[in-house]
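Down below is the structure, laid out as structure tokens.
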Number of protein chains: 2
Amino acid sequence: MDNKKRNFFELPDKVLTSLPTGAVKDTVEHLGKKIAHGDYATGAILPREDELVESLGVSRTVVREAIKVLCGKGLIRTARRYGSRVCPFDDWNLLDPDVIRWHDPESPQTARIYAEATDLRLIFEPEAAALAAVNANRNQRDTILAAARAIHPLDGRASMIGADYMFHATILQASGNQMLSQLQNLIYAVMLFSYATSLKTPPEEKVARRNHVGVAEAIDSGDAELARGRMKDMLVLNKAMADKLVASMFQE
Amino acid sequence: MDNKKRNFFELPDKVLTSLPTGAVKDTVEHLGKKIAHGDYATGAILPREDELVESLGVSRTVVREAIKVLCGKGLIRTARRYGSRVCPFDDWNLLDPDVIRWHDPESPQTARIYAEATDLRLIFEPEAAALAAVNANRNQRDTILAAARAIHPLDGRASMIGADYMFHATILQASGNQMLSQLQNLIYAVMLFSYATSLKTPPEEKVARRNHVGVAEAIDSGDAELARGRMKDMLVLNKAMADKLVASMFQE
DNA sequence: GTTTTAAATTTGTAGGACAATTACTGAGAA
DNA sequence: TTCTCAGTAATTGTCCTACAAATTTAAAAC
């Protein structure tokens, strides 16, 4: 049971696209990551289809289907006689779960996205908490409370971050707004980044946990105003830490 | 010149996917709309590939590439020997520009999405306005002002809504947060819906215009607090109208 | 030098063949 | 009857070849 509970709060290792496992999926992941990692500059031409066929060891059918998927996410654009070129960053579907996930958590370039995501969280999560305080069902309130209490450093970083993700994701779900709920992909990206860089940051878990539990209790009690305020306070603190971290990354 | 200006504020007729024009794109659009319109229930099996080949008059290559794109957007999921079945609504990438656009503006089912989008706007647009007041460049401030002033009923609904969209989209862009900026797709969807149903609503354009200009001037003057407050007031009013409209739709 | 024409190249579409997987069928046993 | 298990059939997944369409590049004509 303990084991089960622990698994429950682990950071889901993959938020997969709905593509079936197979060559197409692998190719999409491979190319998607390369593009998101910046291996090809904006406007750069990807290798020709037959080159990809050779280098990836799959058929042209697979390569083409993969490229079409990436087009659908705004990463690339194809033209006859020209090739597939990488779209300007503005055109990327930044809120697509896959595109978010493909960003390299280790890259300093991702830091900007991370900072933007943190700003965005500061905007919508307090409101989500307020909505959750009103709309959450019994089950959700329990999960939020349990996740908040599970945030302690003794279990190691991985499960701590897992609980953290579950905490925030459940609040979004409990808001009752499906679009708001989908922004949990954004939180997932921040968590990934946070996990990749957490080894360098000083642990402030005790404070973090107290804050989380505070928010959870406010939601559980149904006090929307209190939940909003506490969530906001928590995220302001979070943003301060994030900004410091990003600054230090660019300083290197 | 007048003509050019008018075009500038017209609602862009298509926020296209990055797929090149052609059979694949058409097929994606066709199937995507059918699914988003609810022609296939959740879990329902789509016609087999060879049936689609026949009914759509394209090759299996095209059908397969289109289906893969839809998988990438979370609409469907495929399996050998089983077929392509429609994913539960929760799995759809609701923030994907295409998925948003494919919703049927005429359908009462869309009304719920519309209401959620309106709620979401109320959350992030006041903050976007505050950010824009600080970060917008000269050009953006001018565009926002011009768009706000172009919102008058004499030009007809289409261009009025076009200016409205330009107003909100530019504010998001001017916020300086790329993720925030991408939420303009959501506003686009609301505008489409609004346009489709606007014939039934009594015109309150004079008030609307005064509000928009107020926000624009606040942004132009660089007063973040004022911009936030005015945008919020405007959207609260907007939400009240939206709720009334949705209620009337379900009442029928 | 400029314009027009031709050629080469790259993606787009079509269609056939087989592989892999899994739902379904039916026979046999409990 | 009901359950198990093997076999069969059906559907998508992958590979392949051929040709069409478009567009850049190069050549040619003026």
Side-chain angles (χ1 to χ4, degrees), chain A residues 16-32 34-35 40-87 91 98, chain B residues 14 16-32 34-35 40-88 91 98:
Chain A
L16 296 169
T17 177
S18 322
L19 288 166
T21 56
V24 174
K25 184 199 178 76
D26 294 344
T27 307
V28 169
E29 292 280 323
H30 179 83
L31 291 176
K34 283 196 88 166
I35 295 169
Y40 304 105
T42 293
I45 314 279
L46 270 80
R48 288 197 314 271
E49 288 179 354
D50 46 320
E51 290 186 76
L52 290 173
V53 165
E54 196 176 3
S55 67
L56 300 180
V58 293
S59 71
R60 193 181 164 214
T61 308
V62 169
V63 168
R64 282 187 54 78
E65 288 177 4
I67 283 181
K68 283 288 172 299
V69 172
L70 296 175
C71 285
K73 294 177 185 295
L75 295 186
I76 56 182
R77 197 175 280 269
T78 63
R80 278 176 162 127
R81 182 56 178 85
Y82 199 88
S84 309
R85 56 189 189 288
V86 177
C87 288
D91 293 346
D98 294 317
Chain B
K14 293 177 190 176
L16 295 168
T17 177
S18 320
L19 288 166
T21 55
V24 174
K25 184 197 178 75
D26 294 343
T27 308
V28 170
E29 292 280 323
H30 179 84
L31 291 176
K34 283 197 87 165
I35 295 169
Y40 304 105
T42 292
I45 313 278
L46 287 164
R48 288 194 316 270
E49 288 180 353
D50 45 317
E51 290 186 77
L52 290 173
V53 164
E54 195 175 6
S55 66
L56 300 180
V58 293
S59 71
R60 194 181 165 214
T61 309
V62 169
V63 168
R64 283 187 54 76
E65 289 178 3
I67 284 182
K68 283 288 172 302
V69 172
L70 296 174
C71 285
K73 294 177 185 295
L75 294 186
I76 55 182
R77 197 175 279 270
T78 63
R80 278 176 162 126
R81 180 56 178 88
Y82 198 88
S84 308
R85 56 190 189 288
V86 177
C87 288
D91 293 346
D98 295 317

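So you know, we letter chains A, B, ... as the sequences are listed, proteins then strands, and number each from 1. Because only heavy atoms are used, hydrogens play no part in the values below, and waters and symmetry mates are left out as well, while side chains stay in.
Rounding to the nearest 0.5 Å gives a distance of 7.5 Å between CG of B:Leu19 and CG of B:Asp98. From B:Leu70, atom CG reaches atom CG of B:Leu75 across 5.5 Å, with rounding to the nearest 0.5 Å. The NE2 atom of A:His30 sits 8.0 Å away from atom CG of A:Leu52, with the distance rounded to the nearest 0.5 Å.
For residues 53-62 of chain A, the set of pairs meeting the side chain to side chain donor-acceptor pair (under 3.5 Å) definition, not counting sequence neighbours, comprises A:Glu49-A:Arg60.
Minimum heavy-atom separation, B:Ala79 to B:Arg85: CB-NH1, 4.1 Å. Contact between A:Val58 and A:Val53 at its shortest, heavy atoms only, is O-CG1, 3.1 Å. Between A:Gly74 and B:Ser18, the shortest heavy-atom contact is CA-OG, 3.4 Å. The minimum heavy-atom distance between A:Thr27 and A:Ala66, with the atom names listed, is CG2-CB, 3.6 Å.
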Mind listing the N/O atom pairs, protein and nucleotides 6-9 of chain C, below 3.5 Å?
unit_1, atom_1, unit_2, atom_2, d
C:dT9, O2, A:Arg81, NE, 2.8

Measure all distances between protein nitrogen or oxygen atoms and nitrogen or oxygen atoms of nucleotides 13-16 of chain C, and list the pairs falling under 3.5 Å.
unit_1, atom_1, unit_2, atom_2, d
C:dT13, OP1, B:Ala23, N, 2.6
C:dT13, O4, A:Arg60, NH1, 3.4
C:dA14, OP2, B:Ser59, N, 2.7
C:dA14, OP2, B:Ser59, OG, 3.0
C:dA14, N7, B:Thr61, OG1, 3.1

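Rounded to an integer number of Å, the gap from OH of B:Tyr82 to P of C:dA23 is 8 Å.
Scanning for side chain to side chain contact (heavy atoms under 4.5 Å, CB included) contacts around B:Arg48 gives B:Asp50, B:Glu51, with sequence neighbours left out. The side chain to side chain donor-acceptor pair (under 3.5 Å) test applied to A:Arg80 returns no partner, not counting sequence neighbours.
Chain A approaches DNA chain D over the interval D:dG13 to D:dT24, counting the first and last nucleotide 5' to 3' with an atom under 4.0 Å from its heavy atoms.
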